[in-house]
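Working notes for the structure below.
Convention: sequence-line order gives letters A, B, ...; per-chain numbering from 1.
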Amino acid sequence: MPELPEVETIRRELEPLIRGKTFARPILHISSTVEYPTPEEFTAGLEGRTVSALTRRGKYLFINLDQGILTVHLRMTGNLVYSEAGRPREERFLRASLPFMDNTALHYFDMRRFGRLWLVIDENELNRLVLKRVGPDIFNEVSCEDFLAMLDQRRPSKLKALLLDQGFASGMGNIYTDECLFRCGLHPERRVSSLKHAEAEELYRAIQDVLADGIRYGGTTFRDYRNASGALGEFQSKLDVYGRRNETCRCGTAIEKKVVAGRGTYYCPRCQK
DNA sequence: AGCACCACCTGTGGGC
DNA sequence: TGCCCACAGGTGGTGC
């Protein structure tokens with residue numbers, strides 16, 4: 001489900017709703033939702049902690065506390081939903097309930113159960129246990145100059161694989177990668193090493209633009225994504241290629257789909273070189 | 001190093 | 001019409 005714009009949408013919406021609130025005792029409906037520490041340590045450690053700020057790196061959301069950092073990764077189908085009243089309307093796929101002292105709550109839903117929660121004591125532990133292989137946030141922490149310097153001209157991989165590599169830079173997922181490559185007219189199978197300087201700059205620009213647009217429209221609901229209020233995103237109506245196999249590109253050519261870097265990849269064979 | 005493949009899960013839509 | 005299985009916004013491990 002969620003790529004950078006979806007997580008950022010949740011972050012922006014959630015922060016004013018929960019900043020200053022204090023957690024009551026969490027209920028883990030599926031204990032494997034907690035990756036670290038043990039479920040018992042997680043519930044005991046979160047109870048009584050107060051939210052100070054919400055931050056993000058790539059697809060990771062950090063709920064910073066007066067002591068420690070509650071970390072969330074939604075993977076494919078996770079939803080983090082804030083509810084005014086204590087209990088959610090629909091309990092199917094509810095994996096964890098994180099109530100606050102004032103009887104509001106954060107509910108974590110996840111159909112496929114891939115998403116995870118962590119409770120770490122500080123940034124040091126966060127970097128060591130969670131963010132070992134997570135590169136800088138592509139939207140907030142990488143300037144054009146940085147990006148050009150990061151592009152290793154000897155790197156043999158394809159553009160699609162580069163952008164999906166969270167260790168290179170974090171936040172891009174399958175949808176925004178395809179949309180970004182369409183926007184800058186680069187083929188997903190182009191080799192990183194073949195990029196000219198101007199093309200690399202256009203790629204950087206397209207990444208920033210597509211992510212900004214995704215955030216502006218509240219993310220993409222292709223299937224399951226919901227924001228922190230349970231509402232749908234709206235960027236799906238702006239997609240140029242993703243999910244549009246056999247539809248016509250604005251150039252008149254049919255959009256194709258093939259597997260690149262192990263992921264279903266949509267592109268225009270005429271516009272993208 | 002990078003890539004292909006599997007694993008983790010559940011649901012569903014497209015093809016036969 | 002109905003059934004089945006390929007595939008789905010992600011990532012981590014393994015082995016080549």
message = Using a heavy-atom cut-off of 4.0 Å across all strands, would you classify A/R113 as base, sugar-phosphate, or nothing?
response = sugar-phosphate
query = Looking across every strand, which nucleic acid part, if any, lies under 4.0 Å from A/R92 by heavy atom: base, sugar-phosphate, or nothing?
reply = sugar-phosphate
Nucleotide [N], atom [atom2] - distance to [atom1] of [X] in whole Å:
X	N	atom1	atom2	answer
A/L4	C/dG10	CG	C1'	14 Å
A/L162	B/dC3	CG	C1'	14 Å
A/L117	C/dG10	CG	P	18 Å
A/R263	B/dC5	CZ	C1'	14 Å
A/L61	C/dG10	CG	P	16 Å
A/K160	B/dC3	NZ	C1'	15 Å
A/R75	C/dG12	CZ	P	6 Å
A/E90	B/dG11	CD	P	12 Å

ask   = Should A/Y82 and A/Y225 be regarded as members of a common hydrophobic cluster, given that ILVMFWY residues are connected when their side-chain heavy atoms come within less than 4.5 Å of each other, either directly or indirectly?
value = yes
note = Walking DNA chain B from its 5' end, the first of A/R116 and A/R245 to be reached, judged by nearest nucleotide, is A/R116
remark   = Of A/R223 and A/G262, the one whose closest nucleotide on DNA chain B sits nearer the 5' end is A/G262
If you compare every side-chain N and O of [X] against the phosphate oxygens of [N] (OP1, OP2), does one of them come in below 4.0 Å?
X	N	result
A/H73	C/dG10	no
A/K59	C/dT11	yes
A/Q166	C/dG10	no
A/K257	B/dG14	no

query = Are the ring of A/F114 and the base ring of C/dG10 both nearer than 5.5 Å at their centres and tilted by less than 30°?
reply = yes
ask   = C1' atom, C/dA6 versus B/dC5: distance in rounded Å?
value = 16 Å
key: Whole-angstrom distance between C/dT11 and B/dG11, as gauged at atom P   = 22 Å
Closest nucleotide among B/dG11, C/dG10, B/dC3 to the A/F93 side chain = B/dG11
remark   = On DNA chain C, more 5' by nearest nucleotide between A/M111 and A/K132 is A/M111
remark   = Nearest-nucleotide check on DNA chain C, A/T221 vs A/Y60; residue mapping nearer the 5' end is A/T221
request  = Mark yes when over 12 heavy atoms from residues, nucleotides or ligands other than A/E141 sit less than 6.0 Å from its CD; otherwise mark no.
outcome  = yes
Are [X] and [Y] packed together at the side-chain level, in the sense that at least one heavy-atom pair is separated by less than 4.5 angstrom?
X	Y	result
A/N64	A/T55	yes
A/T71	A/L126	yes
A/Q272	A/L181	yes

query = What is the ring orientation for A/Y176 with A/F235, classed by angle as parallel under 30°, tilted 30 to 60°, or perpendicular over 60°?
reply = parallel
key: Base partner of C/dC16, which must satisfy Watson-Crick or wobble distances under 3.5 Å   = B/dG2
